[in-house]
Number of protein chains: 2
Amino acid sequence: MGKDKEGKTNFQLKVPKGTKDWAGEDMVIRDKIFGSITEVFKRHGAVTIDTPVFELKEILAGKYGEDSKLIYDLADQGGELTSLRYDLTVPFARWLAMNSNIQNIKRYHIAKVYRRDQPAMTKGRMREFYQCDFDIAGTYDPMLPDAEIIRITCEIFQALGWEGRYTIKLNHRKILDGIFQVCGVPTDKLRTISSAVDKLDKSPWEEVRKEMTKEKGLDPAVADKIGQYVVKKGGDDLLQQLQKDEQLSANESAKAGLSDMDLLFGYLRTFGVLDKISFDMSLARGLDYYTGVIYEVVTEGSAPQTSEGQALQQQGKKESKPKKHASNIDGEEDRSNDPSVGVGSVAAGGRYDNLVSMFSGKQQIPCVGISFGVDRIFSITKQRLAADSSAAPIRTNEVDVYVMAFGGKGFEGLLKERMDVAKRLWDAGIKAEFSWKVKPKLPAQFKAAETNGVPFALILGDDELAAGKCKIKEMGLPSDHPEKDGVLIEMANLEQEVKQRIARQAEQASLVDGLKKM
Amino acid sequence: MGKDKEGKTNFQLKVPKGTKDWAGEDMVIRDKIFGSITEVFKRHGAVTIDTPVFELKEILAGKYGEDSKLIYDLADQGGELTSLRYDLTVPFARWLAMNSNIQNIKRYHIAKVYRRDQPAMTKGRMREFYQCDFDIAGTYDPMLPDAEIIRITCEIFQALGWEGRYTIKLNHRKILDGIFQVCGVPTDKLRTISSAVDKLDKSPWEEVRKEMTKEKGLDPAVADKIGQYVVKKGGDDLLQQLQKDEQLSANESAKAGLSDMDLLFGYLRTFGVLDKISFDMSLARGLDYYTGVIYEVVTEGSAPQTSEGQALQQQGKKESKPKKHASNIDGEEDRSNDPSVGVGSVAAGGRYDNLVSMFSGKQQIPCVGISFGVDRIFSITKQRLAADSSAAPIRTNEVDVYVMAFGGKGFEGLLKERMDVAKRLWDAGIKAEFSWKVKPKLPAQFKAAETNGVPFALILGDDELAAGKCKIKEMGLPSDHPEKDGVLIEMANLEQEVKQRIARQAEQASLVDGLKKM
């Protein structure tokens with residue numbers, strides 16, 4: 001590494017716009033979230049794959065419609081043209097197409113994706129952010145993988161401590177298409193009218209109607225018919241109501257979609273998660289490639305925090321629509337403090353049966369999946385932890401024992417002895433630290449242990465060592481506790497004594513709930 | 001996602017050159033390696049940070065000397081100019097400089113880095129590859145953090161099952177500089193002569209001498225003096241020999257370095273790792289920024305596999321020198337099968353006390369660290385596992401129970417019952433799967449369980465269910481085992497019965513060694 005010829009600080013010391021460093025408590029919270037999610041995936045037999053952070057440019061080309069302009073390209077330095085991945089779905093489809101021996105897989109992938117969008121940092125919208133995708137590829141009996149994905153989603157939010165605080169909005173592309181057909185939408189307008197419906201979570205019907213009729217040239221009578229359907233939401237009752245709708249039942253697409261939903265609702269009831277669902281006819285999802293069931297998870301905090309809105313806002317805000325502010329992509333405006341920017345849905349997905357064939361040509365692998373917005377989940381979790389006064393302070397390291405020494409006049413620091421004890425603890429797999437000072441002061445050693453929340457101090461002294469003993473002290477005991485000043489243990493049983501105490505404390509800690517109390 | 005307007009397969013379906021997908025067994029092995037390494041870091045109180053995959057271009061500028069041409073730039077699409085990170089050290093130094101409240105930290109970081117180098121895939125050298133860095137920043141008493149890094153390195157290779165198969169080559173920049181000064185190297189030639197010495201692990205002294213004298217204009221007499229020193233290697237004995245060298249002892253730099261080494265050797269003895277060390281005067285390390293102790297870990301397989309070499313080859317090959325083939329960066333030559341490309345050292349690092357101030361200007365934070373070449377470690381581990389016929393097959397998922405059903409004539413598949421049992425198991429935190437077929441055949445269900453190495457089958461049948469029971473069968477029991485056909489358990493105690501059996505099996509499995517038997 002040569003010298004910085006430009007001098008030392010003649011440029012701004014910062015990370016690129018829309019990116020951030022993770023450290024300290026944030027890193028710990030994020031790792032716990034990843035851990036909780038991964039545990040649920042593994043419980044359902046999922047495996048993980050890892051794809052390169054950049055793909056050939058042509059792999060991403062033509063996959064993201066208008067949002068393609070948000071793709072980060074690498075500079076042409078000779079050789080292949082490549083771009084940073086925009087999501088984890090296209091790389092997964094590319095991987096499936098390249099590995100034709102794999103006809104089915106449950107895979108999860110937690111990794112960073114890149115979008116040259118206008119960042120809104122405090123709301124969890126970044127240019128570099130994590131996605132956590134789970135997808136099931138393969139040909140199975142109808143709605144069984146779909147039901148398991150909903151079940152997995154519920155297990156994940158339960159593991160995160162969100163029980164009772166989230167709703168899974170559910171709809172079906174075939175039902176939507178059937179409704180559009182029944183109402184008289186021309187075939188070539190199906191997708192664009194679907195996109196308009198997708199805005200119902202943040203615009204009132206009147207505005208969406210205007211978009212359909214004025215911008216997209218739909219017959220107002222057709223729009224009004226659509227309006228009667230897409231405001232409906234409910235559960236089993238809504239499904240029964242739609243099934244009784246003679247016009248819909250006569251439509252092939254709607255009929256197939258309703259039959260799927262009927263099956264799905266039964267499976268969700270068996271899986272004990274039907275009460276987490278809202279069958280929401282206004283849910284359309286932006287991406288073109290969905291072919292069946294679609295879903296989106298909203299929670300408190302998903303909704304924008306302004307009063308400027310409509311009743312529909314209460315059901316949460318859809319994923320950011322980058323095109324709205326694409327004109328200002330590289331402007332200096334930071335929308336971090338713009339309260340109209342909600343964190344959006346915290347997870348979303350659906351069935352996409354035709355994506356893999358875009359790469360493989362001949363081969364078709366049906367897929368259904370969900371993507372968790374883990375940065376958004378992080379933001380909400382962090383806010384909740386901050387608001388929870390009963391939450392224990394978050395430790396950033398996991399050290400169990402701080403090895404210290406003390407002595408009177410002529411005290412030489414007992415460095416070799418501290419190192420020797422640390423070595424014994426490490427050899428036994430115990431997490432331990434000691435001061436990197438030859439002659440540390442006792443208060444400084446205690447302070448180091450306390451700052452990091454280390455639960456045990458192991459205190460060496462000349463007299464105790466001469467007697468083959470040392471003192472172990474549990475930190476933070478009340479002043480009237482009999483073991484407040486620590487207890488003497490035999491150096492010969494050091495590892496065993498320490499392990500027992502750590503295990504006992506861990507047992508007590510496991511009685512309190514995991515993530516909420518971390 | 002719009003349609004691919006270019007058509008379906010009119011481009012090559014591949015990942016960018018020098019990158020790869022990770023899946024299946026490779027992914028499992030890699031995750032186990034990351035897990036083993038992380039466990040050791042945490043045992044020593046380390047925390048992790050995560051920095052963006054790209055940095056402002058000017059942060060990386062002027063840090064990598066000639067190798068700067070290997071940096072991947074992002075395209076200028078308006079806004080800031082950025083580049084993919086080349087290593088994890090510069091981002092760490094940048095982070096320290098930006099967070100002046102942090103005066104000391106033990107941090108690890110496992111993440112991908114990017115170099116537009118000529119790939120040699122099978123040897124583990126890629127354009128996108130993982131690095132695993134551990135660094136200690138802060139002001140402490142001399143050589144204590146340095147000693148702990150060596151100790152951590154030894155714990156890691158022990159955890160990976162490499163005991164007795166690796167050597168840590170050790171040297172000190174101040175000793176090297178002292179030698180050069182004592183031999184009469186002009187001050188302005190110190191670094192370039194050091195670079196020449198760095199090649200001694202793959203070139204004979206005669207060649208290095210030629211580079212010094214012919215290319216770099218060093219007085220041949222001076223080169224010969226250097227030659228007497230840099231071929232030396234050993235342990236404590238070599239240290240004592242150098243300490244007795246009157247010329248060296250009279251040199252300030254050498255004296256300081258020897259004093260450091262004396263201290264370090266004592267600490268390493270206390271930590272029980274002195275026998276892993278080779279004090280190697282030819283070790284110089286390529287990067288300019290080291291200021292103290294330097295080290296490099298070599299192992300069987302680090303050495304190039306040709307016979308074209310010299311005796312020195314046996315001690316392992318240094319990290320790839322990209323400049324050697326930079327002229328062909330984007331050529332189509334793939335050196336995957338070139339046996340002269342060894343996997344290089346598997347870990348390397350040293351003390352760098354002046355790097356942070358390149359960013360912070362005023363503030364100086366001394367650092368010492370090591371970088372593990374985890375892709376290389378992966379390649380070697382995989383080869384060893386493949387060669388180890390006693391290694392158990394690697395499971396790619398972790399499912400413990402496969403829930404199946406069987407029945408005679410009129411069998412309806414017991415789908416609801418299988419789903420209900422799966423739900424109960426998931427609720428209890430048990431990893432379980434069932435067939436996503438309404439009426440699966442029993443052999444197909446057994447095959448699915450066997451293919452994935454699932455240890456237990458839970459078999460539902462009409463008669464058993466009517467009696468409130470089901471059958472649990474441990475897979476792979478020998479044909480004369482009394483429980484070979486499974487045992488009936490009460491449905492009421494389902495979760496408990498299953499958990500007990502999983503725990504019992506895990507206990508037996510933990511008796512065999514972790515990584516080697518996975």
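Numbers restart at 1 for each chain; the letters A, B, ... are given by sequence-line order, proteins then strands. Quick note: numbers below take in every heavy atom, side chains included, and nothing from hydrogens, waters or symmetry partners. This structure is a prediction, so every number in the text was calculated from the model and none was measured.
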Beyond-backbone contact of B:T51 with A:K20, side-chain heavy atoms, under 4.5 angstrom: no
Which atom of A:V438 lies closest to which atom of B:L144, heavy atoms considered: N-CD1, 4.5 Å
B:E55 and A:T19, any side-chain heavy atoms less than 4.5 Å apart: no
Proximity breakdown for B:F41 and chain A, heavy-atom pairs closer than 4.5 Å: neither
Check: A:N397 side chain, B:V47 main-chain N or O, donor-acceptor pair, under 3.5 Å: no
Which of A:D31, A:D73, A:V40, A:N452 touches chain B most, by non-hydrogen pairs under 4.5 Å: A:D73
Side chain to side chain contact (heavy atoms under 4.5 Å, CB included) between A:V53 and B:Y114, intermediate numbers included: CA-CA 10 Å; A:V53 83; B:Y114 299 87; 2.9 Å; yes
Worked check of side chain to side chain contact (heavy atoms under 4.5 Å, CB included) between B:T270 and A:L415: CA-CA 10 Å; B:T270 304; A:L415 175 62; over 6 Å; no
Contacting region of A:R151 [heavy-atom separation from chain B under 4.5 Å]: side chain
Among the listed options A:Y267, A:W95, A:Y72, A:F271, the residue most often paired with chain B at heavy-atom distances under 4.5 Å: A:F271
Audit row: B:L84, A:L74, side chain to side chain contact (heavy atoms under 4.5 Å, CB included) steps and yes/no: CA-CA 9 Å; B:L84 296 184; A:L74 271 77; 3.8 Å; yes
Gap separating the OG1 atom of A:T82 from the CZ atom of B:R127, nearest 0.5 angstrom: 9.5 Å
Pairing of B:D400 and A:K42 as salt bridge, 4.0 angstrom limit: no
Region of A:Y402 that comes under 4.5 Å of a non-hydrogen atom in chain B: neither
Max heavy-atom pair count under 4.5 Å with chain B, selected residue of A:G272, A:A432, A:P91: A:A432
Chain B contact via A:I430 - side chain, backbone, both or neither, heavy atoms under 4.5 Å: backbone
Chain A interface, residue from B:E398, B:M419, B:M143, B:R424 that has the most non-hydrogen pairs under 4.5 Å: B:M419
Evaluation steps, side chain to side chain contact (heavy atoms under 4.5 Å, CB included), between A:L13 and B:F359: CA-CA 7 Å; A:L13 202 58; B:F359 295 106; 3.8 Å; yes
Approximate separation, where rounding is to 0.5 Å, of B:K431 NZ and A:E39 CD: 7.5 Å
Chain A contacts, top residue of B:G45, B:A23, B:A46, B:G266 (heavy-atom pairs, under 4.5 Å): B:G45
Interchain contact, B:K437 with chain A, by part (heavy-atom threshold 4.5 Å): both
Structural part of B:F434 lying under 4.5 Å from a heavy atom of chain A: side chain
Under 3.5 Å donor-acceptor, B:D50 side chain and A:W22 backbone: no
Top contributor to chain B interface from A:K416, A:E128, A:M98, A:H44 [non-hydrogen pairs under 4.5 Å]: A:H44
Neighbour count above 12 (heavy atom, 6.0 Å) for A:K57 NZ: no
Heavy-atom pair of closest approach, residues A:I71 and B:Q77: O-NE2, 3.0 Å
Side chain proximity check, A:K14 to B:R94, heavy atoms < 4.5 angstrom: no
Close side-chain approach of B:E148 and A:W426, heavy atoms under 4.5 Å: yes
Side-chain touch B:I136/A:W436, heavy atoms, less than 4.5 angstrom: yes
Salt bridge A:D427-B:R43, side-chain N to carboxylate O under 4.0 Å: no
Any side-chain heavy-atom pair of A:K106 and B:E433 under 4.5 Å: yes
Minimum heavy-atom distance A:M27-B:T48, with the two atoms named: CG-O, 3.3 Å
